[in-house]
Amino acid sequence: MNIALTGGTGYIGSVVLEQLVAAGHAVTALVRSDEAAEKVRKAGAEAAVGDLYDTAWTARLFAAADGVVHTAAPGDGSSEQFDRAVVEAAVEALAGTGKPYVHTSGVWLYGSNDAITEDSPFAPPALTAWRPAVERSVLDADLVATIVTPGVVYGHGGGIPAGVLAPGDGKVRLVGDGSQHWTTVHVEDVAALYVTVVERGERLGHVLGVSGASPTVREIAEATGAEVVPETVEESRARLGALFADALLLDQRATGAKARSLGWSPTRPTLLEEIRG
């Protein structure tokens, strides 16, 4: 397949790119700079430099592909507007064609829940409260759409656990008291899920990308071997920002059974195994 990919230099998207190329697909990576173009070319993709807010440009590249995988995210207050622009281009280019469109969400969509499935009610924190409306526009369009919904992603020294729970001065500060669970997935495993769903080319709706391992934040911190320091919720909100802290304080567990039914299976070490080495 010829796959149009956004976010090909990002944490998840760069691994998706590697795996798509390894699986024999031709990838056109939509990037914003010449520097990013050089990176994706080295990874085996063709590069298209432009602005994803330019709907006509994006739609033209999407239309030329056999399928689209959207992993790009600005990671700031413009995320809703950015995703809406990409979805608009996807609808313009792909509606009625039968070509697959793979969108990216996140497990925070479901709020605190100890048995999350794709059918669980949405209860996102304020940080991602914009997602349901955007994703409804994807699913309501005449698209062969799948919305991959990763858990807390880790691996290769990146992701939220490495950033938020990094030891400093021999100590790890928890988020709150650390009793909340994070449902997790290795970046290599979740990338493999993107490849699986775009290759299937089916309208799958939301698909959780989680390994089934949901350790508590305290367990993650203790695995580092550093001294663990709990905080009050108010202290975490002051240190990390209220919106981000409230998302990290969600208590979430999920098995990812739907993804497994598609033939996907996580193979990488769990987060605790990786930390302990």
Report task. Would you kindly confirm whether L262 and I116 end up in one hydrophobic cluster when ILVMFWY residues are joined by side chain heavy atoms under 4.5 Å apart? Result -> no

**Report entry** Non-hydrogen side-chain atoms of S14 and T9 separated by less than 4.5 Å
**Finding:** no

Report task. Begin from the C-alpha positions of Y110 and T117 and carry the test side chain to side chain donor-acceptor pair (under 3.5 Å) through to its verdict. Result -> CA-CA 9 Å; Y110 295 99; T117 72; over 6 Å; no

Requested in this report: Answer whether the closest heavy-atom distance between the side chains of L174 and V229 falls below 4.5 Å.
Outcome: no

**Report entry** Steps toward side chain to side chain contact (heavy atoms under 4.5 Å, CB included) verdict (L30, W57)
**Finding:** CA-CA 10 Å; L30 285 65; W57 176 80; 4.0 Å; yes

Requested in this report: Would you name the heavy atoms of V91 and A141 that are closest together and state the gap between them?
Outcome: CG2-CB, 3.8 Å

Query - Heavy-atom donor-acceptor pair, T58 side chain to T55 backbone, under 3.5 Å - result: no

Query raised in the report: Would you say W264's side chain and D189's backbone share a donor-acceptor pair under 3.5 angstrom?
Result: yes

Query raised in the report: Is L193 reachable from V152 through a run of hydrophobic residues whose side-chain heavy atoms are each under 4.5 Å from the next?
Result: no

Query raised in the report: Hey, are R84 and E80 close enough for a salt bridge, meaning a charged N less than 4.0 Å from a carboxylate O?
Result: yes

Requested in this report: For the pair Y154 (side chain) and P161 (backbone), establish whether a donor and an acceptor sit closer than 3.5 Å, ignoring hydrogens and angles.
Outcome: no

Query raised in the report: Under the side chain to side chain contact (heavy atoms under 4.5 Å, CB included) criterion, do V31 and T6 qualify, and how do the steps go?
Result: CA-CA 7 Å; V31 296; T6 73; over 6 Å; no

Query raised in the report: Is the side chain of K99 donor-acceptor paired with the backbone N or O of A93 at a distance under 3.5 Å, no angle test?
Result: no

Requested in this report: For S105 and E135, work out which heavy atoms get closest and say how close.
Outcome: OG-OE2, 2.7 Å

Query raised in the report: Is any side-chain heavy atom of E118 closer than 4.5 Å to a side-chain heavy atom of L208?
Result: yes

Query raised in the report: Heavy-atom distance under 4.5 Å between the side chains of Y194 and P150, does that happen here?
Result: yes

Query raised in the report: To the nearest 0.5 Å, how far apart are CG in L61 and CG in L5?
Result: 12.0 Å

Report task. Locate the shortest heavy-atom distance separating G13 from T71; write the atom from each residue and the value. Result -> CA-OG1, 3.3 Å

Query raised in the report: Heavy-atom distance under 4.5 Å between the side chains of L249 and V217, does that happen here?
Result: no

Requested in this report: Please list, chain by chain and in numerical order, all residues satisfying side chain to side chain contact (heavy atoms under 4.5 Å, CB included) with D140, sequence neighbours excluded.
Outcome: R136

Query raised in the report: Between E273 and R268, does a side chain to side chain contact (heavy atoms under 4.5 Å, CB included) hold up when you go through it step by step?
Result: CA-CA 9 Å; E273 289 170 346; R268 299 287 172 162; over 6 Å; no

Query raised in the report: Below 4.5 Å, heavy atoms only, C-beta onward: do R203 and P100 meet side chain to side chain?
Result: no

Query raised in the report: Which atoms form the tightest heavy-atom contact between T224 and L165, and what is the distance?
Result: CG2-O, 4.4 Å

Query raised in the report: Do V138 and V148 share a hydrophobic cluster, counting only Ile, Leu, Val, Met, Phe, Trp and Tyr and linking them when any side-chain heavy atoms are less than 4.5 Å apart?
Result: no

Query raised in the report: Where the side chain of T128 meets the backbone of R131, is there a donor-acceptor pair that is under 3.5 Å apart?
Result: no

Query raised in the report: Do V134 and V144 belong together in a cluster built from hydrophobic side chains that touch within less than 4.5 Å?
Result: no

Report summary line: Here the pair of heavy atoms bringing S112 nearest to D251 is OG-N, 3.0 Å

Query raised in the report: Would you say the side-chain atoms of T183 pair up with the backbone N or O of G151, donor to acceptor, closer than 3.5 Å?
Result: no

Query raised in the report: For T216, does its backbone N or O pair with a side-chain atom of E219 as donor and acceptor, under 3.5 Å?
Result: yes

Report task. Measure up the H70 and Y101 rings against each other and bin them: parallel (under 30°), tilted (30 to 60°), perpendicular (over 60°). Result -> parallel

Query raised in the report: S211: what forms a side-chain hydrogen bond (donor to acceptor under 3.5 Å, both in side chains) with it, not counting sequence neighbours?
Result: none

Query raised in the report: Side-chain contact, heavy-atom cut-off 4.5 Å: L250 with W182?
Result: no

Query raised in the report: Can you name the closest pair of heavy atoms from A72 and D83 and give their distance?
Result: O-OD1, 4.3 Å

Report task. Examine distances only and state if a side-chain atom of K258 and a backbone atom of G209 form a donor-acceptor pair shorter than 3.5 Å. Result -> no

Report task. Enumerate the residue pairs fulfilling salt bridge (charged side-chain N to carboxylate O under 4.0 Å, His left out) with a member in residues 226-242, sequence neighbours excluded, ordered by first and then second residue. Result -> R173-E231, E231-R239, R237-D246

**Report entry** Interatomic spacing from OG in S261 to CG in L204 - rounded to 0.5 Å
**Finding:** 8.5 Å

Requested in this report: Check for a donor-acceptor pair, side chain of Q180 on one end and backbone N or O of Q252 on the other, with a separation under 3.5 Å.
Outcome: no

Query raised in the report: With distance as the sole test, does N2 use its side chain to make a donor-acceptor pair with the main-chain N or O of A65 at under 3.5 Å?
Result: no

Report task. Step by step, work out the side chain to side chain contact (heavy atoms under 4.5 Å, CB included) result for T149 and V207. Result -> CA-CA 6 Å; T149 309; V207 178; over 6 Å; no

